[in-house]
Amino acid sequence: MIKQLDQDIKYLKGVGPVRAEVLRKELGIVSFRDLLYYYPYKYVDRSRIYYICEINGSMPYVQLKGQILSFETVGAGRKTRLIAHFADRTGVVDLVWFQGVKYAQKNYDCRTTYIVFGRPSVFNGRIQIAHPDIDKVKDDAAPMDEIVFDGGMMVPYNLTSPSDSPYGKFVPSYNTTEKMKNCGLNSDGMAKLAEKMLELLKEPLEETLPAYLIARNHLISHDEAVRNIHFPESAQMLERAQTRLKFEELFYVQVNILRYARDRIRKFRGIMFSRVGDAFNTFYHQHLPFPLTGAQKRVIKEIREDMRSGRQMNRLLQGDVGSGKTLVALLCSLIAVDNGYQTCIMAPTEILAEQHLETIRSMLRGMDLRVELLTGMVKGKRREALLADLVTGQIHILIGTHAVIEDNVLFSHLGFVIIDEQHRFGVAQRAKLWQKNAVPPHVLVMTATPIPRTLAMTLYGDLDVSVIDELPPGRKPVQTVHQFDNRRDNLNAFILQQLKKGRQIYIVYPLIEESEKIDLKNLEDGYEQVCRDFSQYKVSKVHGRLKPAEKDAEMQRFASGETQILVATTVIEVGVNVPNASVMVIENAERFGLSQLHQLRGRVGRGAEQSYCVLVTKFKLSDESRKRIKIMVDSSDGFEIAEMDLKLRGPGDLEGTQQSGMAFDLKIANIARDGQLLMKAREEAQLVIDSDEDETNPANEIIWRRLRELRKTNINWGAIS
Ligand code: ADP
Ligand code: MG
């Protein structure tokens, strides 16, 4: 027998074949179940009626009950507007129509009592409600025409508690599209369908969480929650319904991730790096350029533990810009060398790969180890020779860009993979590197874009996390200032003063792909202006349109000190290291994401000198931009900034969420706002995974069944294993 919830939506009364097709095309709704889980995005509080004397211009939607005293038309022609003076026992407001004037005049009159619903605002000192929803009151007990209203604000006289609303509840709003509205499926239309369907579903909806979890977390039942999410009985029930459904959603995402991580551990034995030998020890005692920070030591220990556990390591290494991740990567590669294995380091750009090569080669000077670079630029005979040496095991460390994941790049014994700047690589690319050895290599993912803990749990929930939370000693924090662009003289004087001290300057312009032309023009104009303003100095210009070789040559000129100012787009964001550069000027700073600003700022402050970051914006800023700039000025902590960014922008916009491959289609929970609930859900999920390893505990049967269902219906979920 077909379950009621699986029935085709066209059989719901009020739908039929035409609307069913629209629902399918526009929202992917094909069954009763789909409609049931299509939640409202907001609710309108129609649970009470306000007295006019209570309302002011800053309230959200309100509901009033009263009569129209008189109509008035103002203006002429297309600018005509209709005003209805609407009163209850306590005051008057103006109802205003800019459109549909004729309709309003025809349909409303001065004898009927109405319920008026809308958003109050203040115009010319009077409270008005534009384009209100108006309904007739049926069998009104107290006719309004007994009320005498004498203008001015009356003291409420003889007021009893606010009367009950005929709606009596919260009215749901559903997102709909133009095409849906054209066939009567606006928000109200959808609400009617939902109501009809819920009436049909006589049996309570099947429970989706085990009883012990419901009790322990003080949740309401699935059935109650879903019914109340569409039609809340009260504000309190709405909140409980939301909590229950968010918890459930987060819980299953976490169970899925944790189960996946556990199965991977079972499935993949890891390569056992049992020893630390000559390579590591020689380097550590004779070549280490500076003592390791406490955080670096701790992280190396964590990685070391993983490498000898017999399980495959999958670890995320987070560390702010300049925290010294490269050195950690190198030391761990030497452990691989000591166990007879090769290391592959993958960087997102050519410049970064080359810089890694240079750094690592110079640190390893005097040791008999071979480090090579493989990028798209390495071609022909050189490439062939390199690939041959790689497959015969003569290369110890291979550094490269995407080029290293190509199928014809074969290793002799690949034991360790390091991926720098994770957010530019997807899970699929990670997986490709795994396959380059019979036993999958250990994987270390390094990122300088700090990810808030809650987001990391969902995004990289399958990875263990190490954090370098300490910068090498002697760094002076970068001083950050906000400068409006109408005070350019000030800024130029400051830059000149720094140049005279022998320092170098970055000036960065935003790059937004959709309008590459405009951006390039900004950059060109900026460049010309800079050349004029600082004519006695040499200026470099770097942007994404340059060929890699040209770009590198120009960067090199700046790095060597031949040019003193670098005008660039964000291509310099990752990698470049010029210790003598002490000023980072960011033009149109309001157009950058916070994490990006933080990355850019990390380009200075690498030498011994006091460094500065100047955020230049136009004078007129939105509140949000103002807040964001203030965060940058106040904080130099990448994690704090990432948290703020998440709160301000929501997870959808954060780098990494789209390409993560772990994409999570959260329907109702919001990672930015529901952090605490997420922690709770994670804890419970962990307990279930740990305590019910072979998934046979009858109390959890409901969980495993539900998980199977979800994996069938949610494409993204299936993709992670
Ligand atoms: P990131 O984590 O951003 O990749 P890097 O590895 O590039 O940082 O290191 C930034 C700078 O700090 C480099 O110049 C590096 O030589 C230096 N550095 C790294 N570790 C230490 C340390 N323990 N003490 C002093 N300087 C260090
Ligand atoms: Mg780095």
Side-chain angles (χ1 to χ4, degrees), residues 283-285 287-303 315-334 343 345-365 371 373 397 399-401 417-425 444-451 465-478 504 555 559 570-582 584 595-609 611 613 636-639 641-642 655:
F283 180 81
Y284 194 81
H285 296 295
H287 297 262
L288 199 63
F290 17 63
L292 296 178
T293 61
Q296 282 171 321
K297 278 188 199 159
R298 190 189 67 237
V299 166
I300 291 171
K301 240 184 229 150
E302 286 166 1
I303 295 171
R315 191 167 277 280
L316 178 71
L317 174 58
Q318 291 194 43
D320 219 334
V321 204
S323 61
K325 293 186 292 293
T326 317
L327 192 56
V328 169
L330 175 59
L331 278 156
C332 296
S333 311
L334 294 178
T343 295
I345 302 178
M346 195 155 117
T349 64
E350 307 242 346
I351 295 184
L352 194 57
E354 276 167 35
Q355 203 155 48
H356 277 321
L357 179 79
E358 225 169 88
T359 315
I360 289 179
R361 268 194 182 160
S362 80
M363 286 206 265
L364 290 179
R365 196 160 295 140
V371 186
L373 180 73
I397 299 176
I399 299 175
T401 52
V417 168
I418 297 167
I419 301 175
D420 199 5
E421 305 296 343
Q422 152 76 12
H423 58 273
R424 314 206 176 191
F425 297 111
L444 183 69
V445 170
M446 305 200 295
T447 172
T449 311
I451 301 156
V465 179
S466 288
V467 181
I468 307 187
D469 50 6
E470 180 186 354
L471 292 182
R475 297 265 173 85
K476 289 202 184 96
V478 179
Q504 287 167 281
M555 289 298 304
T570 45
V571 291
I572 62 158
E573 191 187 334
V574 284
V576 280
N577 190 18
V578 182
N580 188 48
S582 66
M584 169 64 66
S595 296
Q596 212 180 9
L597 288 174
H598 183 64
Q599 292 280 310
L600 285 168
R601 180 166 62 181
R603 297 299 112 205
V604 295
R606 309 197 139 216
E609 307 304 333
S611 296
C613 175
S636 58
D637 178 337
F639 281 91
I641 289 169
E655 278 177 286

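Values below: all heavy atoms of this structure, side chains included; hydrogens, waters and symmetry mates excluded. In each ligand, atom 1 is the first atom listed, and ligand 1 is the first ligand listed.
For the pair Arg601/Ile641, a side-chain contact is recorded, criterion being any heavy-atom separation below 4.5 Å from C-beta on. Residues Asp420 and His356 meet the side-chain proximity criterion, which asks for heavy atoms closer than 4.5 Å.
For the residue pair Glu302/Ser466, the side-chain donor-acceptor check at 3.5 Å is satisfied.
When the side-chain hydrogen bond (donor to acceptor under 3.5 Å, both in side chains) test is applied to Gln296, the partners found at least two apart in sequence or on another chain are Thr293.
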Quick check for students: name every N or O atom pair between ligand 1 and the protein closer than 3.5 Å, with distances.
| from | atom 1 | to | atom 2 | distance (Å) |
| --- | --- | --- | --- | --- |
| ligand 1 | 2 (O) | Ser323 | N | 3.4 |
| ligand 1 | 2 (O) | Gly324 | N | 3.1 |
| ligand 1 | 2 (O) | Lys325 | N | 2.9 |
| ligand 1 | 2 (O) | Lys325 | NZ | 2.8 |
| ligand 1 | 3 (O) | Gly322 | N | 2.6 |
| ligand 1 | 6 (O) | Lys325 | N | 3.3 |
| ligand 1 | 6 (O) | Thr326 | N | 3.0 |
| ligand 1 | 6 (O) | Thr326 | OG1 | 2.7 |
| ligand 1 | 8 (O) | Gly324 | N | 3.2 |
| ligand 1 | 12 (O) | Arg475 | NH2 | 2.7 |
| ligand 1 | 20 (N) | Gln296 | NE2 | 3.1 |
| ligand 1 | 23 (N) | Pro291 | O | 2.9 |
| ligand 1 | 23 (N) | Gln296 | OE1 | 2.9 |

Starting from the C-alpha separation in whole Å, work towards a yes-or-no answer on side chain to side chain contact (heavy atoms under 4.5 Å, CB included) for Leu330 and Thr326. CA-CA 6 Å; Leu330 175 59; Thr326 317; 5.8 Å; no
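Of all heavy-atom pairs between Ile397 and Ser333, the closest is CD1-CB, 4.0 Å.
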